Amino acid sequence: MPESRVLVFVGPLLITAAVLQLLMAAKTHSRIGGVLGHTALPEDISINAREYSQHIQGSPKPVRQNSSYPKEPFISGTVPSGFLWGTSTAAYQVEGGWNTGGKGESIWDHWAHQPGRTPLGDTACDSYHKYATDVQLGANLAMTAYRFSISWPRLLPDGTLAGGVNQAGVDYYNKLIDELIAHKMVPFVTMYHWDLPQALQTKYGGWTNASMVDYFNDYATLCFQKFGDRVKRWATFNEPWSFIVPGYGLGVSPPQMLFGMKRRQYEVAHVVIKAHARAWHTYNDSFRAQQGGEVGIVLGALWGQPRNTSDPRDVQAADNFEQFFLGWFANPIYGNGDYPDAMKQMINGDSVADPRLPVFTEAEKAYVRGSADFVGLNQYSAVLIYASDHTFPLDFISLVMPDLKGVKDTSDPTWPHGASSGFSAHYVVPWNIREQLRYFSEKYSHKVPFYITETGISEKEQFPPNMNDTWRQCFYMLYVDEAIRAIKLDGRDVRGFFAWTLMDNIEWGSGHSVRLGLHYTNFSDPNLTRTPKASAKLYRDIATSGGFPEGAPHTKHTQDWWDWCHTNAPYNNDTEIGAGHYRGPH
Ligand code: BGC
């Protein structure tokens, strides 16, 4: 049995919804970047004015220079056969039924039930009851895959085998998986999309406790035993960065453990990486032979483009950014089994006696190295990186990666970005996909296939809703074409593309106010009806034909819209989006 270590820590702290939204949005830079912006003023301008003005004067206009990727021309083409076209969701965001059928409480349920919050996840999209409807929505879109996550506390209410397996939970996922297979959709299952059983948090301090490696392994084993006869693609974790830094470093999202930026978040990541590797080894040793599936991890990928590619300092800064963001997890698993050099150097320096970044033993490195059969990349956007020792402006990196020194981020003013919402600056940078895949392929020696496990674009909630989401059609035209370009021109082994998300759902701390669905969910209707937006039809056309074949009407449509989709017009006009009469470029 795993050892039990009871930790005492500060209970959930009440923070304002705005701060939570801001920092949950910090999952990817694009969103927080829009809030803080590259010209954000330091809070106390009187003290810092000199430094700030020096920065502004010394700072060239933030544009991408000498890039090998100017606006891409459209290319027609299709993906290889067997490619998975899917949509992605996560249990907390869609299931509801938070205490139905024997489910235990998760850290997100716990957070949402604190005074002053509205627990929208209690019902969410009610997929717990409406799973057959959801599968039908996917089938209507001609999807060949569906990525969903299993709620750990629905299977194991207190997180442990000792606490008992919840048969109703097993039944629910069996029904969902069978329904998918009956509709010819591949189930692509994430085991941890952030909804830790609250009991594991309360008793053991969640991922701060090394015994979580054992608890997670028990849970993963149960998943393989119950569902592995039909599920052949498993992701252990979704975006570890996104729950570790806000949850255990900054303390702004569940479990809200504050003041962990200097040490705790690194310790948590160490546990999570080992838990991932352990689950992979369990599968490899005990299940692979009979089940023949794949186990990987889904990483949040935000491409860091050097602001000036002919300035070696910017190039180095961008590489350091990649090492801290993606490489924190990718380097151990897909590289040499260890943390990236930039992290070791900047966090630990010479402090061998008391390193803040934990140290892997040689045996652990060998165990972690190569522990994945694929990598899932959640590839939404990009950021411009430049070298600077200035403290200001206060940017995403200063806020969330204080150990990453000499590196600052900004955006290109020419990049189109999403409609005003919690995502106000969701920059539409399609070439980030190709750049990230190139970087990953060149950097890491463990060669695996890629899945684009998430990408998508938000709009704010509108009344009445605008079902003609031209901005989302543009987004998928550009991003799918970029994936095709990566396959055709660069020879990357991309095996699937998953749109985030099937339907408007609970966007974590932002609730319903930020929407990314291909289907509109009417949360005022007790039936929670889902209605396809215009983007759903386009995505169906893409999936049915495997991309953009020559002569297909949607290929022609994409060509016609191509230039317009590269401008701010489709994404950035709140009035027109809200008024619902925006029809496209013609
Ligand atoms: C997460 C999703 C989230 C999406 C949009 C991704 O990073 O995995 O859960 O809803 O971003 O914010």
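Heavy-atom basis, side chains included; hydrogens, waters and symmetry copies ignored. Not measured: the values here are computed from a predicted model. Atoms within a ligand are numbered from 1 in the order they appear, just like the ligands themselves.
With ligand atoms numbered from 1 in the order given, ligand 1 contributes 3 (C), 5 (C), 10 (O), 12 (O) to contacts under 4.0 Å with heavy atoms of Glu507. Within ligand 1, counting atoms from 1 as listed, the ones closer than 4.0 Å to a heavy atom of His193 are 1 (C), 2 (C), 8 (O), 9 (O). Of all atoms in ligand 1, numbered sequentially from 1 with element shown, those under 4.0 Å from a heavy atom of Glu239 are 6 (C), 7 (O), 8 (O). Every atom of ligand 1 with a heavy atom of Asn238 under 4.0 Å away is listed here by number and element: 8 (O).
The nearest non-hydrogen atom to atom 11 (O) of ligand 1, considering only Trp508, Trp241, Tyr380, Trp500, comes from Tyr380.
By the side chain to side chain donor-acceptor pair (under 3.5 Å) test, Thr236 pairs with His276, sequence neighbours left out. With sequence neighbours excluded, no residue satisfies side chain to side chain donor-acceptor pair (under 3.5 Å) with Thr521.
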**Stepwise side-chain contact (heavy atoms from CB on, under 4.5 Å) test for Gln93 and Trp500** = CA-CA 12 Å; Gln93 297 181 268; Trp500 186 274; 3.1 Å; yes

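The pair Lys103-Glu95 does not count as a salt bridge, with every side-chain nitrogen at least 4.0 angstrom from each carboxylate oxygen.
Ring orientation note: the planes of Tyr539 and Tyr476 are tilted relative to one another, at an angle of 30° to 60°.
Residue Ser242 has no N or O atom closer than 3.5 Å to an N or O atom of ligand 1.
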